Amino acid sequence: MEGLHILAEWRDCSASPGLLRQAELLEQLCLEACRGAGLTVVGWLFHPFGTPEQPAGATGAVVLAESHLAIHTWPELEAVTLDLYVCNFSRDNRAAAEAAYAALLQAFGPARVSRRDVQRGSLAS
């Protein structure tokens with residue numbers, strides 16, 4: 001249970017409107033970011049809002065062997081919220097969490113970033 005939990009809000013994102021509106025694009029990006037960082041994807045679910053003619057954002061979750069990624073987009077606000085938690089049970093996964101975070105941050109290109117890191121659990125206590 002010991003690990004890094006990153007909570008972030010990104011505003012004024014310069015990403016293409018499609019990335020903020022289309023669940024399929026968001027899903028592809030998140031899976032690539034997690035796998036590219038060396039995290040083990042075991043499942044995922046992404047849900048679009050609005051209609052195919054007028055998409056209105058998306059929400060998604062990636063279940064990782066190391067824990068999870070949850071992400072939500074608000075295209076009307078050019079905003080994204082992100083929750084990325086990796087535990088360190090069998091190895092230290094902080095570098096993998098940072099790599100996945102950096103890939104997503106680069107893809108969305110926010111002008112304003114709010115990030116809070118929470119150090120979760122301690123097996124020594």
Side-chain angles (χ1 to χ4, degrees):
M1 115 177 174
E2 184 177 1
L4 174 62
H5 198 155
I6 300 171
L7 304 169
E9 291 88 32
W10 299 335
R11 301 270 185 173
D12 303 322
C13 294
S14 63
S16 73
L19 185 55
L20 292 167
R21 296 183 192 286
Q22 296 174 8
E24 299 83 13
L25 294 177
L26 182 63
E27 176 181 313
Q28 180 181 2
L29 172 65
C30 290
L31 294 175
E32 288 175 3
C34 289
R35 289 178 176 138
L39 297 167
T40 309
V41 174
V42 297
W44 63 91
L45 179 64
F46 284 76
H47 177 77
F49 293 98
T51 65
E53 297 78 26
Q54 292 206 289
T59 190
V62 179
V63 178
L64 304 168
E66 299 82 5
S67 199
H68 71 268
L69 164 69
I71 192 164
H72 313 277
T73 66
W74 283 272
E76 68 278 12
L77 301 173
E78 297 178 327
V80 174
T81 60
L82 175 119
D83 173 342
L84 175 59
Y85 171 48
V86 296
C87 64
N88 296 328
F89 183 72
S90 60
R91 66 178 179 161
D92 186 343
N93 288 301
R94 286 176 293 188
E98 293 292 354
Y101 179 88
L104 294 167
L105 182 71
Q106 181 177 4
F108 284 102
R112 295 185 293 154
V113 173
S114 172
R115 174 177 163 166
R116 290 174 298 287
D117 291 357
V118 178
Q119 299 302 315
R120 303 276 309 260
S122 175
L123 297 176
S125 36

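Computation of the quantities below employed the complete heavy-atom set of this structure, encompassing side-chain atoms and omitting hydrogens, waters and symmetry-equivalent molecules. None of the values given here were measured: they were computed from a predicted structure.
- Residues Val41 and Leu64 are in side-chain contact: their nearest non-hydrogen atoms beyond the backbone lie under 4.5 Å apart.
- Taking hydrophobic clusters as Ile, Leu, Val, Met, Phe, Trp and Tyr residues chained together by side-chain heavy-atom distances below 4.5 Å, Val113 shares a cluster with Leu19.
- Counting only heavy atoms from C-beta outward, the side chains of Leu26 and Phe108 approach each other to under 4.5 Å.
- Nearest approach of Tyr85 to Ser67, heavy atoms of both residues: CD2-OG, 2.8 Å.
- Atom CZ of Arg35 has more than 12 heavy atoms from other residues, nucleotides or ligands within 6.0 Å.
- Here the straight-line distance linking atom CG of Asp117 with atom CG of Leu4 works out to 5.0 Å at 0.5 Å rounding.
- One distance of note links CD of Gln54 with CZ of Arg21; it measures 9.0 Å at 0.5 Å rounding.
- Glu2 and Gly121 get closest at one heavy-atom pair: CG-O, 3.3 Å.
- Leu39 and Leu29 fall within a single hydrophobic cluster, where Ile, Leu, Val, Met, Phe, Trp and Tyr are joined by side-chain heavy atoms under 4.5 Å apart, directly or via other members.
- Side-chain heavy atoms closer than 4.5 Å link hydrophobic residues (I, L, V, M, F, W, Y) into clusters, and following such links, even through other members, never connects Trp74 to Phe46.
- Rounding to the nearest 0.5 angstrom, the gap separating the CG atom in Asp12 from the CD atom in Glu78 is 6.0 Å.
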**Report entry** From CA spacing to verdict: salt bridge (charged side-chain N to carboxylate O under 4.0 Å, His left out), Arg120, Glu66
**Finding:** CA-CA 13 Å; Arg120 303 276 309 260; Glu66 299 82 5; over 6 Å; no
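- Around atom CD of Gln119, more than 12 heavy atoms belonging to other residues, nucleotides or ligands sit under 6.0 Å away.
- One hydrophobic cluster, built from ILVMFWY side chains closer than 4.5 Å, holds both Leu105 and Val62.
- No side-chain N or O of Ser114 forms a donor-acceptor pair with one of Arg112 less than 3.5 Å apart.
- The two atoms that bring Val80 and Leu20 nearest to each other are CG2-CD2, 3.7 Å, heavy atoms only.
- The backbone N or O of Thr81 lies less than 3.5 Å from no partner atom in the side chain of Asp83, so there is not a single donor-acceptor pair.
- Remark: Ile6 CD1 to Arg115 CZ distance equals 4.0 Å, nearest 0.5 Å.
- The shortest non-hydrogen separation linking Ala103 to Ala33 is CB-CB, 4.0 Å.
- Aromatic ring centres of His5 and His68 lie closer together than 6.0 Å.
- Side chain of Asn93 to main chain of Cys87: a donor-acceptor pair is present (N/O by atom type, distance under 3.5 Å, no hydrogens or angles).
- Shortest non-hydrogen contact noted between Gly57 and Thr73 is CA-OG1, 3.4 Å.
- Considering all non-hydrogen atoms of both residues, Tyr101 and Leu84 come closest at N-CD2, 4.1 Å.
- When hydrophobic clusters are built by joining Ile, Leu, Val, Met, Phe, Trp and Tyr residues whose side-chain heavy atoms come closer than 4.5 Å, directly or via intermediates, Leu69 is not grouped with Leu45.
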